[in-house]
Number of protein chains: 2
Amino acid sequence: MSIRDLARHLNISIGTVSRALNGKSDVNPETRERVLQAAKELGYVPNQSGRSLRQGTTNTIGFMIESSIETADNGGSFFMPVFEGVQSVFRRHQLDLVALLCGTDEDPGAYLNRIVGRRFVDGLIISATMRNDPRITFLLERKIPFVTLGRSATGGQYPWIDLDFEGVAATAVTRLLKFGHQRIAIGVPASDINLGYVFVDGYRRALSAHGISFDPDLVFRANSNEEGGYRVATAMLAQKQMPTAVILVNENMAIGLYRRFYEAGIHPGRDIAVVGFRESTQSRFLSPTLTCFRISLRDLGIKLAEALLSTMPAFASNYPQDSIDLVWPMELVPGESDGPWLGT
Amino acid sequence: MSIRDLARHLNISIGTVSRALNGKSDVNPETRERVLQAAKELGYVPNQSGRSLRQGTTNTIGFMIESSIETADNGGSFFMPVFEGVQSVFRRHQLDLVALLCGTDEDPGAYLNRIVGRRFVDGLIISATMRNDPRITFLLERKIPFVTLGRSATGGQYPWIDLDFEGVAATAVTRLLKFGHQRIAIGVPASDINLGYVFVDGYRRALSAHGISFDPDLVFRANSNEEGGYRVATAMLAQKQMPTAVILVNENMAIGLYRRFYEAGIHPGRDIAVVGFRESTQSRFLSPTLTCFRISLRDLGIKLAEALLSTMPAFASNYPQDSIDLVWPMELVPGESDGPWLGT
DNA sequence: ATGGCTTCCGTAAACGTTTACGATTTCATA
DNA sequence: TATGAAATCGTAAACGTTTACGGAAGCCAT
């Protein structure tokens, strides 16, 4: 069922059929109607390869999602809603979105090189941005439109959207200080993901804004999952003077942390304050419910899509450049996991 | 950087270049070496559109992942490891795997029709199979190779792999009966996903095998997330005679269930037995830790890939047909959430 | 010297689209 | 009526690749 078959069936040329289907102006409205009708009846859908070959564009966007061991167990709850949002925008432009999950046993650079080299996608969304991310320099020199979810220390001119980790750190720190806490710890990912650096920076700045000196012993690095949270709690318990509060960069860590404290007979929310990130269905149903930060992942996805489109020549006219380099604000949702310090 | 440029640069014809790159036999080893060398130096990667157009094959497989509201929050933890496994097999055959997430505001049938019509993929993996799934009949009549994760009541000849829900139900029921429980409830998804039907069937059969009559009031339907678990617990509490044990089809439900019981002052593992499904990082760190079933999702993914390849003419020779229609066994992992019935 | 292999390589068609260009018709206007 | 513009459509080239086919060269045996 090619366009040629369709043309033969209608007794008109394939050029006219193509123009009719693509909404070009120089075609008789009546003919167009006949073509569209026949296309629907015969179930004709244009072959993407032929179209791509001719126009040099694939009408697909790739969303590269990290699937490392660390994030494999919880990444989905984050990415799925974002993906939803991105897709809702692309659908309006007949763009198909595909998720590209680079396997753990393949080098992300090589993977990206293959995808880009094959002209598989017209643009890319890059997530889990590293502090120094070779993917960014690669895409820049290949002039592939892209946007990153998460800023990076890598140089160059490209749009990025990131969560407001400084804001989160500042809000959490001030809140906990107001509650009377003095030793406030944080739990951040052990990997080289840039998120960790930004978070620690924000934490540091927030502390110094209140005249409190930074204590490196209060920064706990671990995997961003339940096991990591468990380890953080264990490390906290081992300190001569245990922190009275802790800020976690990942809500999955909270479960492991809760568990470790439960084993030690320590009640989060009473004996120790916990602030998590980010709000999810989970955080509302933990006991105690987690104080954390709310964010509309779907809206984030929408902004991501718009930022990408603004860098693509074919769509840039509809999307002004001002939607790029965005720091996404988040709102604190109080839970039962923190409160006034009752200790000595 | 097309094959033509490469040929010009080497002063040989494009036909020879193509043959050299594709490992055809009728090319001088020395020439082949030169071609491969030049391709690497100049960073040549064959254009996928051109290749697809010519061979009628795209070298990509689609993994259609459900992203409905219900599963958006937890689907990732399940699919990511499966995806990993699938990808590890496809990589060996130079096949690229892409995740296709059908947005919630688009009809899955229409989405699939577009993907297939465009000749976007050579094969498909379908998940979240419905009891009556129009996608299956569609793919069958279009003769697109596919495999489903989850069996279906839809007729036709196609490979599927499913988890052993009967086994899970039987094991859980016998275990709980041995513990002295009499009123054993189950929590299953409210949607039309076939998984729910199979699970209830297994539960029913397991009960009757022990001479216990089936009580429809013990089947609780809810969303497969934390909120659903909360609702299930609420419904259980409302019954005149509360069940003494409950089997959940989703471990995320356990969190919500725990929460509701916590609010009611009831301790899972002591006052009520909970058996969950499936084991995850979470289930090991909940308090109490969840008795549940273990499964290697990566291995599951590998089998899925093999089943699909066995139906694709180009690969079938390497993959015998016996790997299809598989019921995946699972192993129980005891936790703290169930035990002997201590009630009256 | 001729014929027949084998080895290697070039030529050209084909895949399904889109689109620049030109051809034809229609129609109003001079 | 002649003319030009507008509307509509057909023709053919082009995108990058693979591959069937044939040709050229080399070699060996007759």
Side-chain angles (χ1 to χ4, degrees), chain A residues 1-36 38-39 42-60 94-96 114-122 313-314, chain B residues 1-36 38-39 42-60 94 96 114-122 314:
Chain A
M1 191 53 315
S2 77
I3 200 177
R4 202 161 274 116
D5 303 324
L6 194 56
R8 249 197 300 269
H9 179 259
L10 288 166
N11 263 335
I12 53 182
S13 79
I14 67 172
T16 307
V17 174
S18 175
R19 280 191 297 268
L21 291 174
N22 291 357
K24 293 299 163 72
S25 60
D26 54 348
V27 45
N28 193 322
E30 185 195 347
T31 333
R32 184 194 306 278
E33 198 44 53
R34 279 180 58 218
V35 172
L36 291 177
L42 304 186
Y44 168 77
V45 180
N47 180 307
Q48 185 60 41
S49 303
R51 165 177 283 191
S52 299
L53 187 55
R54 168 65 215 220
Q55 358 189 72
T57 181
T58 63
N59 292 324
T60 59
Q94 323 265 44
L95 290 171
D96 267 318
R114 215 178 59 243
I115 295 295
V116 168
R118 286 188 170 185
R119 308 289 133 84
F120 198 73
V121 293
D122 292 342
Chain B
M1 188 59 312
S2 79
I3 201 177
R4 203 160 273 116
D5 303 324
L6 195 55
R8 248 197 299 269
H9 178 259
L10 288 166
N11 263 333
I12 54 183
S13 80
I14 68 171
T16 307
V17 173
S18 175
R19 280 191 297 268
L21 291 173
N22 291 357
K24 293 300 163 70
S25 62
D26 54 348
V27 45
N28 191 322
E30 185 196 347
T31 329
R32 183 193 307 276
E33 199 43 52
R34 280 178 57 218
V35 171
L36 291 178
L42 303 185
Y44 168 77
V45 181
N47 179 306
Q48 186 59 42
S49 303
R51 165 177 282 190
S52 299
L53 187 56
R54 168 65 216 225
Q55 344 191 84
T57 180
T58 63
N59 292 323
T60 58
Q94 322 266 43
D96 268 318
R114 214 178 59 240
I115 295 294
V116 167
R118 287 188 171 186
R119 306 290 133 84
F120 199 71
V121 293
D122 293 342

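Order of the sequence lines fixes the chain letters, A, B, ..., with proteins taken first and strands second; residue numbering starts at 1 for each chain. Just so you know, these numbers come straight off a predicted model, no measurement behind them.
To the nearest 0.5 Å, the span separating CZ on B/Arg32 from OG on B/Ser25 amounts to 8.0 Å. With rounding to the nearest 0.5 Å, the separation of CG in B/Leu42 from CG in B/Asp5 is 9.0 Å.
Each end of the helix from C/dA1-D/dT30 to C/dA30-D/dT1 yields a helix axis from five base pairs, and these two axes differ in direction by 70° (to the nearest 10 degrees).
The outermost nucleotides of DNA chain D lying under 4.0 Å from heavy atoms of chain A, listed 5' to 3', are D/dT8 to D/dG16.
As judged by a 4.0 angstrom heavy-atom cut-off over every strand, A/Arg119 is placed among residues making no nucleic acid contact.
Residue pairs meeting the salt bridge (charged side-chain N to carboxylate O under 4.0 Å, His left out) criterion with at least one partner in residues 47-57 of chain A, sequence neighbours excluded, do not occur; the list is empty. Among residue pairs with one or both ends in residues 20-30 of chain B, those qualifying as salt bridge (charged side-chain N to carboxylate O under 4.0 Å, His left out) are B/Arg19-B/Asp26; sequence neighbours excluded.
With sequence neighbours left out, B/Ser13 forms a side chain to side chain donor-acceptor pair (under 3.5 Å) with B/Thr16. For B/Arg4, the salt bridge (charged side-chain N to carboxylate O under 4.0 Å, His left out) criterion is met by no residue, not counting sequence neighbours. Under the side chain to side chain donor-acceptor pair (under 3.5 Å) criterion, A/Asn59 pairs with no residue at all, not counting sequence neighbours. Not a single side chain to side chain donor-acceptor pair (under 3.5 Å) links B/Asn22 to another residue, sequence neighbours left out. Contacts of A/Asp96 classified as salt bridge (charged side-chain N to carboxylate O under 4.0 Å, His left out), with partners at least two apart in sequence or in another chain: B/Arg114, B/Arg118. Remark: A/Val35 pairs with A/Leu10, A/Ile12, A/Val17, A/Ala20, A/Leu21 by the side-chain contact (heavy atoms from CB on, under 4.5 Å) rule, at least two apart or across chains.
Proximity of residues 43-53 of chain A to DNA chain D (heavy atom under 4.0 angstrom from any strand atom) is restricted to A/Leu53. Within residues 15-26 of chain B, the residues having any heavy atom closer than 4.0 Å to DNA chain D are, in order of number, B/Gly15, B/Ser18, B/Arg19, B/Asn22, B/Lys24.
Counting all heavy atoms, side chain and backbone alike, A/Met1 lies closest to A/Gly43 at CG-O, 4.4 Å.
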- request: Carefully, step by step, assess B/Ile3 and B/Ser18 under the rule side chain to side chain contact (heavy atoms under 4.5 Å, CB included).
  value: CA-CA 8 Å; B/Ile3 201 177; B/Ser18 175; 3.7 Å; yes

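Contact of the A/Phe120 side chain with the A/Thr58 side chain is not registered, since no non-hydrogen atoms from C-beta on lie closer than 4.5 Å.
Take the nearest nucleotide of DNA chain C for B/Gln55 and for B/Val27: the residue whose nucleotide is more 5' is B/Val27.
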